[in-house]
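Each ligand, and each atom within it, is numbered from 1 in the order the structure gives. All values derive from a computational prediction rather than experimental measurement.
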Amino acid sequence: MSQRKKGRIIVMEGIQWGDEGKGRLVDLLGKLIKFFIRIAGGANAGHTLCIGDEQIITHLVPSGVTYPGSMCLLGNDMVIDPNAFQSEVAELKQRGFFNCEILGVSPLANLVMPYCFDLERVREKARGKAAVGTTGRGIGPTYELRARRLGIRVEHLRHFDYLAGYVPLILNEINPELRYYGEPGYTPAQILSFLEQAAQIFKPYFMAQSVSQIVHRAKVRGDKVLIEGAQGSELDLTHGTYPYVTSSSTIAGGACSGAGIGPHMIDEVYGVTKLYTTRVGGGPFQTRMPKRMEARIRKIGNEFGASTGRPRNVGWLDLTQLKHAARINGLTGFFITKADVLSNMPVKICTHYLYSGRQIHDFDNIDSCQLDQVKPVYEEFEPFGDISGCRSFDDLPGTAQHLFRRIESTIEVPLLGVSVGKERNEIVKVRRF
Ligand code: IMP
């Protein structure tokens, strides 16, 4: 019990399909925080931070890396491509943004292996029109091999005697599948050489303590810990729009495994949503806008994938979906981002769906495979005009206040803040956080 009184652990999660602007909010809270932990996913994520005139995109490293004295950890359920990690760290250092005191990689995290990229590519191609539209970062096959008990973890890089026996076992299962798709497959020598390079890359970041030990001690000592989710709730392997999802847990519950803590250790769960919705890759998208409107918002909001550069599909905010995300995450507060993008146009929000003559108010009341058959029902709000100079709720025009209150009262979670521009300080603070 004493652990609950001290320190503070905050989980920050995207509550749509990813790209909600979490990096931006992690960065905002950053100055108060000492420990930053990424928990799952890999280089499929892209967290954009704007500092002055500079823009940085982190993929694997927690967004707190820019804060001097911070400790940044890549958590237990992450899947890490050693080469992507190496280039990201090199770029951060070269551009002067690698300011953390310590960067550590969990020994329990899995490596994205060369054959994971091949498997993803050939399988996506084989699915044709039903392709998931993955990011091509080897994520799905890495999680799949982990679940098949054929994964390679960071801790294995300390034991090449073990790997010498383990790698042939893995290749015995992988090579036949690769050859089925016309790929050459790998020799144990090729994979062991890849792993030797990976060991050199990770060596400076091996940890003497586990992520779990570090987070526990931080909390007991009274430090603040920010657990940074990746992707978004509707891409969660269990709760998302299956099978058009990623392969990890992207909801707050995943933080327990990713950071090695019990649920009672978490003090706050903050959700992040845009004032509209975006989605990349395949799968149903109920509130997608007509093409011209979509193109307009994509341009103003710069809605292109931070990792892949793919244009994002754009839709109206969906309260049916947000209510679901608020519940499965157990949100204690939420932020709205990119409100400024919609300032000069009427804003629609989807309040519920119609399906076979029934009203659907919650995602859980419709099966994922039927979502593309629902008809969204909208409520429309007048344009609220330029809000980029607003910093408090009272500064906002009445229409904007009404819109934000409508969202808050529907999802029944306190609104904490609204971002009204790209810069660190361009935020309307609604409540203390
Ligand atoms: P994967 O994670 O690369 O396997 O991709 C599975 C699905 O999740 C695809 O639809 C991707 O576009 C989507 N996805 C994965 N990571 C992100 C992200 O960080 N932002 C948005 N979509 C993502």
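For atom 4 (O) of ligand 1, the nearest non-hydrogen atom from the set N44, L237, T134 belongs to T134. Of the options T246, V245, T308, V280, the smallest heavy-atom separation from atom 2 (O) of ligand 1 is shown by T246. Counting only non-hydrogen atoms, the option in Q231, R279, E120, E234 that gets closest to atom 16 (N) of ligand 1 is Q231.
Put simply, CD on Q321 and CG on D362 are 10.5 Å apart, with the number rounded to the nearest 0.5 Å.
Within the 4.0 Å heavy-atom criterion, the part of R310 lying near ligand 1 is the side chain and not the backbone. Contacts between T135 and ligand 1, counted as non-hydrogen atom pairs separated by less than 4.0 Å, involve both the backbone and the side chain. Residue contacts with ligand 1, taken as heavy atom pairs separated by less than 4.0 Å, involve W17 solely via the backbone atoms N, CA, C and O.
Side-chain atoms of S63 and E228 form a donor-acceptor pair, as typed in the model, at a separation below 3.5 Å.
Judged by the 6.0 Å distance and 45° axis criteria, R310 is not positioned over the aromatic ring of F304.
Ligand 1 lies less than 4.0 angstrom from a heavy atom belonging to G133. Heavy atoms of A45 approach ligand 1 to within less than 4.0 angstrom.
With T142 contributing its side chain and V112 its backbone, the two residues share no donor-acceptor pair below 3.5 Å.
Taking the six-membered ring where the residue is Trp, H352 and H361 present parallel rings, their angle staying beneath 30° rather than reaching 60°. Using a 30° and 60° split on the angle between ring planes, F363 and H324 fall in the tilted class, from 30° to 60°.
The nearest protein atom to atom 21 (C) of ligand 1, hydrogens excluded, is given as D19 OD2, 3.0 Å; this is a heavy-atom distance. The closest protein non-hydrogen atom to atom 14 (N) of ligand 1 is L235 CD1, 3.6 Å.
Of all heavy-atom pairs spanning I328 and S233, the tightest one is CD1-CB, 4.3 Å.
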